[in-house]
Student: 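Just passing along the structure, written as structure tokens.
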Amino acid sequence: MNDFYKDIYELVKLIPNGRVTSYGAIAIALGKPKGARLVGYAMNLCDKTLPAHRVVNRNGWLTGKMHFAHPDEMAERLRAEGIVVVNDQIQDFKTHFWDPSAELGSM
DNA sequence: CTGATGACGTGTG
DNA sequence: ACACACGCCATCA
């Protein structure tokens, strides 16, 4: 486990409830603007303890829902947090978007 | 070690 | 604006 993945986990863990972010945003926050794929890969290795359901692609689509124990769980979890998910897509993604780099800057 | 793939993103046509 | 192609970095075969 490299610090890179650990950092990803830490960042995803501190995503506020009812907020979502993108792989690219996390990658950028970690200093790897092109590491979006690595973030997704890290999610694949991640435990269900990690709120990976709050992490979606740039389009706001639940691209990784199929990788969950129960694909619908991702949308259900987001919906439970107040996120509107339709057709595997987050509505008002920009409104619910959470910028990790901004939070890291505040911290 | 080389080739291919992936929960992505950006650039060009 | 939409469609196609390439790049990135790490892991798997």
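Fair warning: this is a prediction, and the values are worked out from it, not measured in the lab. Each chain gets a letter, A, B and so on, in the order the sequences are listed, and its residues count up from 1.
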Student: Go through the N and O atoms of the side chain of Arg37(A) and the base of dG6(B), and report whether any donor-acceptor pair is under 3.5 Å.
Tutor: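 Looking at the base of dG6(B), it does pair with a donor or acceptor on the side chain of Arg37(A) (distance under 3.5 Å).
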Student: When the P atoms of dG3(B) and dG7(C) are considered, how many whole Å apart are they?
Tutor: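 Here dG3(B) and dG7(C) have their P atoms 15 Å from each other.
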Student: Grab the two heavy atoms, one from Val39(A) and one from Ile8(A), that are nearest each other, plus how far apart they are.
Tutor: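 The answer is CA-CD1, 3.9 Å.
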Student: Please determine, by modelled atom types, if His53(A) and Glu81(A) share a side-chain donor-acceptor pair under 3.5 angstrom.
Tutor: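 Judged by distance alone, the side chains do pair up.
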Student: Between dT11(C), dC8(C), dC8(B), which one does the side chain of Tyr23(A) approach most closely?
Tutor: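 Nearest to the side-chain atoms of Tyr23(A), counting from C-beta on, is dC8(B).
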Student: Find the distance Leu30(A):CG to dC9(C):C1' and express it as a whole number of Å.
Tutor: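 From Leu30(A) CG to dC9(C) C1': 13 Å.
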Student: Does dA1(C) pair with anything, Watson-Crick or G-U wobble, both distances under 3.5 Å, and if so, with which nucleotide?
Tutor: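 None - no nucleotide pairs with dA1(C), as no candidate has both distances under 3.5 Å.
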Student: For Gly24(A), report the nucleic acid contact type (base, sugar-phosphate, nothing); a contact means any heavy atom under 4.0 Å.
Tutor: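 Here Gly24(A) touches the backbone only, sparing every base.
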Student: Among dG9(B), dA7(B), dC12(C), which is the nearest nucleotide to the side chain of Tyr41(A)?
Tutor: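 Of the options given, the side chain of Tyr41(A) lies nearest dC12(C).
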Student: Rounded to whole Å, how long is the line connecting atom CH2 of Trp61(A) with atom P of dG9(B)?
Tutor: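 To the nearest whole Å, that distance equals 11 Å.
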Student: When rounded to the nearest 0.5 angstrom, what is the spacing between OG1 in Thr63(A) and CD in Gln89(A)?
Tutor: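 Thr63(A) atom OG1 to Gln89(A) atom CD measures 11.5 Å (nearest 0.5 Å).
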Student: Can you tell me which nucleotide in dA7(B), dG9(B), dT10(B) comes closest to the side chain of Met74(A)?
Tutor: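 The answer is dA7(B), which lies nearest to the side chain.
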Student: Over all strands shown, is Asn44(A) touching base, sugar-phosphate only, or nothing at heavy-atom distances under 4.0 angstrom?
Tutor: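 Base, at least one base atom sits under 4.0 Å.
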Student: Report the distance from atom OH of Tyr9(A) to atom P of dA7(B), rounded to the nearest whole Å.
Tutor: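 Atom-to-atom, Tyr9(A) to dA7(B), this comes out as 15 Å.
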Student: What is the separation between atom NZ on Lys32(A) and atom P on dG7(C), rounded to the nearest whole Å?
Tutor: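 Distance, rounded to whole Å: 18 Å.
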Student: When you get a sec, tell me which of dC9(C), dT11(C), dA7(B) is the closest nucleotide to the side chain of Leu38(A)?
Tutor: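 The listed nucleotide nearest to Leu38(A)'s side chain is dC9(C).
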Student: If you look at every heavy atom in Arg54(A) and Asn17(A), which pair is closest and at what distance?
Tutor: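 Between these two residues, the closest heavy atoms are NH2-ND2, 3.5 Å.
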Student: From the set dT11(C), dC8(B), dA7(B), return the single nucleotide nearest to any side-chain atom of Ala36(A).
Tutor: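 Nucleotide nearest to Ala36(A)'s side chain: dC8(B).
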